[in-house]
Amino acid sequence: MASGTVLIYDEEMTTHKLLWSDPICDIEVPERLSSSYEQLKCYHLVERCVHVPAREGSEEEILLVHSSEHLEVAKSTQTMNEEELKRVSENYDAFFFHPNTYRCARLAVGATLQLVDAVMSGKGRNGMALVRPPGHHSQRNAANGFCLFNNVAIAAEYAKLKYDLQRILIVDWDVHHGQGTQYIFEEDPSVLYFSWHRYEHQEFWPSLKESDYDAVGLGKGKGFNINLPWNKVGMGNSDYLAAFFHVLLPVAFEFDPELVIVSSGYDSGIGDPEGQMNATPEVFAHLTHFLMQLANGKLCVILEGGYHLKSLAESVCMTVKTLLGDPVPQITGEMAPCRSAVESIQNVRAAHKPYWKWLTYEDTSFLQNLSTKSNLLKKANSNLSTEHDSKITNSNENVKVERFLELHMKSILFPVPPIKTATTDSTGLAHFLPVAVHLVKEMDKTEIKTLVSGFYVDLVEDDKTLLSLGSMLAILDKILKKEVRNGIAASPTPAVSAAVALRHSVRFGFQR
Ligand code: X5A
Ligand code: ZN
């Protein structure tokens, strides 16, 4: 049974870099990878993962998606000088070649396939691959938007072939439309592609008509391409969660994928210069957690964009932490999607109603009402936020996202108000606890005897055991009354009392 979380990272992918000045491409820097990995180390997440080495994707694997012409052009750049590299790069919309780009792109493909193999073979339950260059803009015959080979698309074709999969879900939460991935699977009903993206009524790059909600797929693939265009910047946690609740998750559960692959761009997170969105790192923990409920947990997360180094790194950590099974942090703040988000969600739901019965069954009249109510009514019902997260960024242009995240992550990871922990010892244990401690009184010995005499006949004569039992039962009582979440009992015979308490929690606890 697969249990671990796989992490794939190869420092060599930091050698791909921009050699000349280009204000469009200069955000795609090697530090995106190295600083994310450093932050994973900082949170002690690296040591909790199963490490699988990257490898080069083979030519044959790249040709699953790309033309041999495209492969040959990419290959030919290995021996070029700067001037030649610049000239080839200019043939594409937002791409740069470095002499080691081809090697890095092959490692990015190979790392992605290694992750698919690890998850499909059961070496790991799920995992993440930190790769550069990214992939989702790359097309059969073209580099585009910092992407040379479409790592995720190749992985989907590879998984279909090698593991005979019939249904793969690709979730693209990068802030850009992965038009490359859309083109590759447009007619393919075995790959369900979902992408949300900054669109602004086609104003935002790549400014394509086919990024809108009415591009639902072609031929046999109709219904298997889902575009959720954001027509305003500043989308936040509530907008992303609403998109998951009301669009992606109903469809995904009906589709019932055998494998989920995430085109995991974090330029949809707060502070990103491209996305201009407001979602905080912990929302990615929730998105990850939802997707872990599909495909028996077989989830492969592949890095795409993300250009605010701090925001990117924290969001990567949130994702890996969740893959490892840690509890997801609470989301605070405005919990209603904004008007523009609701409109987009309604549009994509309407476009896909012919293809997915779960969209028909869900009653979303409440969303309809929200989008037509007056501002006053909306405020009164506190249903819908008309403005985005004003508390976080809108009020002050000069807000430093980095500073904000520094404080924010502390409050997320050590939430207040704290979970209450009980203890029966006032001196020894209190300093271990991060939160306020409630003292509980030991129970009366005869009381305990009466309680346990039915099944622990041989134990109840021992005084120490009775004391331990008393401590444990007192805490158990608090837990059952929901006054505390957990507790520590001071006890002369810890092993005995723990064992007895466990058995008691089974006997009594769940009968109340
Ligand atoms: C992978 C990714 C963005 C390209 C933006 C070009 N690409 N203006 O985020
Ligand atoms: Zn992006």
Side-chain angles (χ1 to χ4, degrees), residues 1-5 43-45 47-48 125 282 285-286 288-290 292-293 296-297 318 321-333 335 409-512:
M1 194 56 202
S3 62
T5 291
Y43 282 122
H44 298 282
L45 295 169
E47 64 210 53
R48 295 172 59 196
R125 177 190 300 278
E282 65 274 19
H286 286 261
T288 302
H289 193 248
F290 287 125
M292 285 165 70
Q293 314 309 313
N296 256 312
M318 281 292 136
K321 205 167 147 53
T322 305
L323 290 174
L324 281 161
D326 285 2
V328 293
Q330 202 177 316
I331 301 248
T332 53
M335 267 303 122
M409 296 318 291
K410 280 182 186 136
S411 74
I412 284 303
L413 296 170
F414 305 98
V416 280
I419 292 164
K420 282 183 186 153
T421 297
T423 176
T424 56
D425 174 32
S426 56
T427 52
L429 292 167
H431 65 281
F432 281 122
L433 304 172
V435 299
V437 164
H438 286 220
L439 289 177
V440 288
K441 278 229 301 267
E442 289 154 21
M443 288 175 87
D444 174 65
K445 275 183 198 163
T446 46
E447 218 181 311
I448 304 161
K449 271 193 192 172
T450 324
L451 255 172
V452 299
S453 58
F455 21 90
Y456 295 114
V457 192
D458 46 340
L459 283 177
V460 293
E461 296 310 310
D462 170 11
D463 237 49
K464 281 185 173 179
T465 304
L466 282 178
L467 208 67
S468 300
L469 265 175
S471 300
M472 292 304 303
L473 292 174
I475 288 173
L476 192 57
D477 192 54
K478 289 241 162 202
I479 293 172
L480 293 172
K481 286 184 192 150
K482 297 205 193 312
E483 290 173 22
V484 297
R485 279 276 288 277
N486 48 37
I488 300 172
S491 160
T493 55
V496 172
S497 72
V500 172
L502 263 176
R503 299 171 71 166
H504 272 272
S505 66
V506 174
R507 286 254 178 186
F508 300 126
F510 305 130
Q511 288 172 8
R512 296 216 179 166

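Side chains are part of it too, since the values below use all heavy atoms of this structure and drop only hydrogens, waters and symmetry mates. Keep in mind that this is a model prediction, so the values were computed, not measured.
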Seminar exercise, completed: From the list Arg48, Met318, His289, side chain to side chain contact (heavy atoms under 4.5 Å, CB included) partner of Asp326 resolves to Arg48
For this session: Would you check if the side chain of His286 reaches a backbone N or O of Pro329 as a donor-acceptor pair within less than 3.5 Å?
Result: yes
For this session: Could you tell me which non-hydrogen atom of Leu324 sits nearest to which non-hydrogen atom of Leu45, and how far apart they are?
Result: CD1-CD2, 3.7 Å
For this session: First locate atom CD1 of Ile479, then atom CD1 of Ile475, and finally report the distance between them rounded to the nearest 0.5 Å.
Result: 7.0 Å
Problem set entry | Backbone of Thr322 reached by a side-chain donor or acceptor of Thr288 within 3.5 Å | no
Exercise. Measuring from Leu323:CG to Met292:CE, what's the distance to the nearest 0.5 Å?
Worked result: 6.0 Å
